[in-house]
Amino acid sequence: MAEENKFKEIESKWQDYWNKNPDLYSAKDNSDKPKKYVLVEFPYPSGSGLHIGHAFSFTGGDVYARFKRMQGNNVMFPMGWDAFGLPTENHAIKMKRRPQEVTKENTDNFREEMKKLAFSFDWSREVNTTDPDYYKWTQWIFIKLFEKGLAYKQEMPINWCPSCKIGLANEEVIDNKCERCGAEVSRRNISQWVVKITDYADRLIDGLKETDFIEKVKQAQINWIGRSQGARIKFQVKSLSSLSSVRKLEVFTTRADTLWGVTFMVISPEHPFVASLLKSKVIKLESLKAVEDYVNQARKKSDLERAELQKEKTGVFTGVYVVNPANGKEIPLYVADYVLMGYGTGVVMGVPAHDQRDWDFAKKYNLEVIPVIEDGGHDYVKEAMVSVDKGKMINSGFATGMEVKEAINKVNEWVEKEGIGERTNMYHLRDWIFSRQHYWGEPIPMIFCESCAKNQNLESRIKNQEENRKKINAGWYPVPEEQLPIKLPEVEAYEPTDTGESPLAKMTDWVKTTCPKCGGEAKRETDTMPNWAGSDWYFLRYCDPVNDTELASQEKIKYWMPVDVYVGGDEHNTLHLLYSRFIYNFLFDLEVVPTPEPYKIRMSHGVILGPDSQRMSKSRGNVVVPSVVADKYGVDVLRLYLMFMGPFDSTMVWNEKTVMGAKRFLDRFAQFIKIQFSIFNETVESSKEVKVIINKLVAGVTRDLESFGYNTAIAKLMEALHKFSKSNFQFSIEDIKTLIKLLAPLAPYTAEELWSQVRDKDDDDVSVHVAPWPRVEEKYLVEETVTMPVMVNGKVREQIVVDRSSIVDKKKIVKMAKEKEKIKKWLEECEILKEIYVPGKLVNFVVSTK
RNA sequence: GCCGCUGUGGUGAAAUUGGUAUACACGUACGUCUCAGAAGCGUAUGCCGAAAGGCGUGUGGGUUCAAGUCCCACUAGCGGCACCA
C-alpha cells in the first residue's frame, strides 16, 4: 500500500512539473537543431477512454520522440482528435445532446489520460477535425478537388439501414446486416459526390519507391490499387443495323495472345449496351424475354450473393453475334453476372481453354474450346489449362510458334496497328465515394442552383461529348472561399430522416442560400464528408495549427514535412494511408506541399490481444484498460511492459503475470541507482571493466531505439543491471547519470525522479528529458582480451582467451588452440585437412579420421 | 486462386545479418527470509545420457570449413486482395 502511494506521488509530482514547463516538449518552428517529425495516428475520442492499443501505439511513438529529443533534435510530436464520426452522433441522438458537447467531454478525458501516461506531446499544436477553423481547410481541399475536375456527382447505390434510417459505410455492414442494430441492409440509389482517386492510381503505386515503408505495407497498397497491364480490344457487333449507336463492343484483356482462343463473349447485365438492346427490340422475342428476366434477377441480387454463387456460372444468350478480330469468326454474345460492370469495360472475351471461369461457362452452355498454347495433351474435358505464361502458341494465325510473352507483345502491337484496340492499364481501385448522409461530419461546401443547371444542360447538349463530366456536375458551384467554413448548424436535437438524405436536409434555413453564379435562390449540399477527410491532411495542420489564411504556411510546411516516422496500426495500412497519400499528391500538384509523398517511414505496430488470445472486445469481457493497469503497477511499469512484450510490429497476447517482470526490473534499477549514489564519492572513477559494459550498453540501446527494437533495448538494460549487481563495482557520477538517461525514454517518471536526486544542481539540465543522450567512447567498445571458440569439424570443443593485440597472428592462435588438452584429444589419430581462423571470432579444424 | 509475412524451449521471445542457438522475461523446481503466507532475494531449468558424449531452430534436400540465417521443394499458420477478365 505504501509502495503504491509512492509511485503515484512521484507521478503526480512530475506530471505537475511537466505541465508547468510545456517548453520541455514543444517543437520550435525555427531551430539550429535538425528537425524530426514523429507522428502517431490521432485517435477518435470515444466515450470509453484510451484503450490498450492507444497506449501501445503512443508509447512506441513517445519513446522514439523522447530519444530523438535527447539526441539533440528539434522534435515535433503532436496530438489531436479525429472527432467526427458515428458513435458520437448516435450517442448524441440517443441522449438528445449536442455532439459538440460530447466531443468536448471525450477529448478532455483523453487528454488527461494521455498526460498521465507521460506522453510528451506538444499540446500547443493540438488540432481537432470538428473545429470549424480546422474543417474550413478540409472543405477548402474539397473545393480544389472540384475545381480540378476530380470531384463529380453520380448516382450510386448506398447501404441503407431501414431501422437506423441512415446510410452506412461498407465497413459498417457485416454479413449484409447493420453493424449496430443488426437489421438487414438494403440498397438505395442516391446521388453522391465521388472523388477521382483513380486518376492518381499510377502515382500512388510508383510513389511507394520514394518511401521506406515495410514491404507488407507497400504490398497492401499495391494490392488494393490492383493494376493490371493489358489492352482494350474492339469486337464488331454483327448485323444490327438498327442499333446505329453501338457497332463495337470493347473488352479488356491481359492476355491478348489468347485472342484466337476466343469462342464467345460475355457482357455484364448492367452494361448500357444490354439496356439499349432491350429497348431496340432487334433481337428475337424469346431471347429478349430471357435477357430481360436475367437482367432483372441480377439487379435483385446483392453483390454478396453474386460473389457467393461463384461455382455456378449463369447467363443467357442474347441472340447477337460479334466478330473475333483475329480470325473473323462469328461468336455468340452472352449476358452473365460473373462479369462486373465496375471493372474493365464490363465486357469479357471468353477463352475457355485457358481461363477456368470461361471454361465453366463454356461447359454449361456447350461452347467451343480452342487451345492456343501448347498443352502437352491437356484434357480439356476436366478443366481449363490455366496460368500458362510459358510455351509456344498454336492455332493462332501469325502468332503461331511464338513464345507466350512474345505473342502478348506482338498481338498488342498488331491490335494497335490495325486500329482495333490499344494498350492500357486497369485498376481494382474505384473512385472514392465521398458523401455521407450524417450530421456529424464536415459539410460538403457545394451549392446547387436549379436554374443554372437547366441552362448548362442545354448548352452541353449543343457541345459534344467531351463535356460529359461537366454535365454531371451541372448546376453545382463551390461555396466561395471567403465564405468558408460552412459551419454545421447547431441544433439541440435532431433525428435522422426517412428519405436517405442527411439530417441537415431538414434544416431548411440552413439549406437555403444564394447561387454564387446567378445570385438566384439555391440549395446547399446536405451530405457531409467521410471520416477519412479530416484525417487526410491533419499532419499538415500540426505544422501551423492556428493559421487562418492558409491550411499551413508554406515556410512551416517546408521546414517540417515530410513526416519522418509515422506510427500507427495495421488496420490503417490500406485506406487511411492511401487516401492521405492521394490528397498529399494532389496538394503537391497545387504546389501547397514540397514533395509528393507525406511519410518517409511507416511503422505499423501489431495488435494486443486479450489474455484469452482473442481480440479485445466488450462482449468477450477480455478488455484490458491501460489506466487500470497504470493505477495498479504504475505508469512506467505499464510502458515498460508494453515495450518489452515482443517486437513492436507483431501481434501479442496480454499476460498480466509478465507485467511483474517489468515491475521487478524497475524497482531493482531504482534501488541500484540510489545505493550507488549514496556510496558515491568524488574520487571514484569507474573501472575500465565498468566503462566497457556501459559503453557497450549505450551503443546497443541507441541502436535498438533507433530501429524500434524496444524489447531488446530493455533486455540489454536488464542484462547490464544483473552484471552490476553481482559485483562490487564502483561508478563515477557520469556513469550513474548515463544509466538514468538510457532509461528515460522508456520510464520517464522513474528516470526523472532519479535524475532529480543525482543531478548537479548547477550544471545539469533540470529535466532528464532534455539532457543530452550519452555518447559512446569507441575505445571502450573493444575489450583487451577476446574469448574465442575452438571448433573441430564445426563443433565447439574448447575456448581460448587471447590478447586483443595478438588476434592478427594466425600462427600463434592456431598453435595455442592445438595445445589445449581437450583439443589435442580431438586431433589425435586425425589428419588436419584445413585450419580456419576468423580473426577475433573462432578457430576451426577440419579433420578426417585416418 | 494471387501477393506478402512467419514457423526457434512449457510460454513471450533473442541471435551483432553466414561464425559459441535459446540473451532477456514469464513459468516451474529447490533454497533463503518469515510464526506463517504474500512480496523479496539466490540457484537451476532445450532433449537423451550415470558420464563421456550425442541430438536439437516446421519437413526433405542443397551450397559452405561453418546454416535459425543463403538456395530449391514441401508443409502449417497469420495478414492483405479476390468471379478483377
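Here is how names work: the chains are called A, B, and so on, in the same order as the sequence lines, proteins then strands, and each is numbered from 1. We use all heavy atoms of the structure for the numbers below, so side chains are in, but hydrogens, waters and symmetry mates are not. Keep in mind that this is a model prediction, so the values were computed, not measured.
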With a 6.0 Å cut-off (strictly less than), is the heavy-atom count around [atom1] of [X], excluding the residue itself, greater than 12?
| X | atom1 | answer |
| --- | --- | --- |
| A/Lys405 | NZ | no |
| A/Gln671 | CD | no |
| A/Lys363 | NZ | no |

Nearest of [options] to any side-chain atom of [X]?
| X | options | value |
| --- | --- | --- |
| A/Lys834 | B/C65, B/G12, B/U43 | B/C65 |
| A/Gln219 | B/G4, B/A39, B/C83 | B/G4 |
| A/Tyr343 | B/C26, B/A85, B/A15 | B/A85 |
| A/Val796 | B/U20, B/G80, B/A13 | B/U20 |
| A/Arg664 | B/A85, B/C26, B/C83 | B/C26 |
| A/Glu719 | B/C41, B/C24, B/C65 | B/C24 |
| A/Lys657 | B/G4, B/G40, B/C26 | B/C26 |
| A/Thr574 | B/G80, B/U20, B/A85 | B/G80 |
| A/Asp337 | B/G80, B/C83, B/A14 | B/C83 |
| A/Met660 | B/A25, B/A14, B/G40 | B/G40 |

Which is true for [X] with a 4.0 Å heavy-atom rule: it touches a base, it touches only sugar-phosphate, or it touches nothing?
| X | result |
| --- | --- |
| A/Val838 | base |
| A/Thr345 | nothing |
| A/Val348 | base |
| A/Arg703 | nothing |
| A/Asn711 | sugar-phosphate |
| A/Lys822 | nothing |
| A/Arg430 | base |
| A/Gln356 | nothing |
| A/Met788 | nothing |
| A/Arg227 | nothing |
| A/Asn844 | base |

Take atom [atom1] of [X] and atom [atom2] of [N], then tell me their distance rounded to the nearest Å.
| X | N | atom1 | atom2 | value |
| --- | --- | --- | --- | --- |
| A/Lys841 | B/G19 | NZ | C1' | 7 Å |
| A/His428 | B/G80 | NE2 | P | 17 Å |
| A/Lys795 | B/G53 | NZ | C1' | 11 Å |

Do any side-chain nitrogens or oxygens of [X] fall under 4.0 Å of OP1 or OP2 in [N]?
| X | N | value |
| --- | --- | --- |
| A/Lys216 | B/G79 | no |
| A/Arg615 | B/G79 | no |
| A/Arg797 | B/G53 | no |
| A/His722 | B/A25 | yes |

Distance between the [atom1] atoms of [N] and [M], in whole angstroms?
| N | M | atom1 | value |
| --- | --- | --- | --- |
| B/U20 | B/A14 | C1' | 15 Å |
| B/A51 | B/U59 | C1' | 33 Å |
| B/C26 | B/C35 | P | 27 Å |
| B/U28 | B/C78 | P | 30 Å |
| B/G31 | B/A38 | P | 14 Å |
| B/G18 | B/C70 | P | 8 Å |
| B/U64 | B/G54 | C1' | 23 Å |
| B/A13 | B/U17 | P | 24 Å |

- Note on the structure: Judged by whether its glycosidic angle lies within 90° of 0, B/G27 is anti
- Message: Taking syn as a glycosidic torsion within 90° of 0 and anything else as anti, which one is B/U17?
- Response: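 Syn, which is what one calls it when the glycosidic angle falls within 90° of 0.
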- Give every residue pair that meets the salt bridge (Lys or Arg N to Asp or Glu O under 4.0 Å) criterion with at least one member in residues 219-232 of chain A, sequence neighbours excluded. A/Asp202-A/Arg227, A/Asp206-A/Arg227, A/Arg232-A/Glu250
- Task: By nearest nucleotide on RNA chain B, pick out whichever of A/Gly794 and A/Phe644 is the more 5' one.
- Result: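 Counting from the 5' end, the first nearest nucleotide belongs to A/Phe644.
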- 5' precedence on RNA chain B between A/Phe845 and A/Ala662 (nearest-nucleotide basis):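 Result: A/Ala662.
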- Can you give the dot-bracket line for RNA chain B, using ( ) for pairs inside the strand, [ ] for pairs that cross earlier ones, | for pairs with another strand and . for unpaired bases, where Watson-Crick and G-U count if both distances are under 3.5 Å? (((((((..(((......[....)))((((((.......))))))(((....)))..(((((..]....))))))))))))....
- Is it true that the NZ or CZ of A/Lys810 lies under 6.0 Å from the centre of A/Tyr837's six-membered ring and within 45 degrees of the ring axis?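 No - A/Lys810 does not lie over the ring of A/Tyr837 by the 6.0 Å and 45° rule.
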- So does A/Lys716 reach the base of B/C24 with its side chain, donor to acceptor, closer than 3.5 Å?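 A donor-acceptor contact between them is absent.
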- Task: Indicate yes or no for a side-chain donor-acceptor contact from A/Asn412 to the backbone of A/Ile408 under 3.5 Å, with no hydrogens or angles considered.
- Result: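 Present.
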- Item | Expected output: side-chain A/Glu416 to main-chain A/Arg423 donor-acceptor under 3.5 Å | yes
- Message: Show, in sequence, the C-alpha distance, side-chain angles and deciding distance for A/Glu656 and A/Tyr633, and conclude whether the side-chain hydrogen bond (donor to acceptor under 3.5 Å, both in side chains) test is met.
- Response: CA-CA 11 Å; A/Glu656 182 114 6; A/Tyr633 302 99; 2.9 Å; yes
- Item | Salt bridge flag under 4.0 Å for residues A/Lys663 and A/Asp667 |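 Result for this pair is yes, salt bridge flagged.
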- Task: Check the pair A/Phe648, A/Phe56 against ring-ring contact (aromatic ring centres under 6.0 Å, His included), reporting the backbone distance first and the verdict last.
- Result: CA-CA 9 Å; A/Phe648 190 60; A/Phe56 184 57; 5.0 Å; yes
- Classify the angle between the aromatic ring planes of A/Phe361 and A/Tyr365 as parallel (below 30°), tilted (30 to 60°) or perpendicular (above 60°). tilted
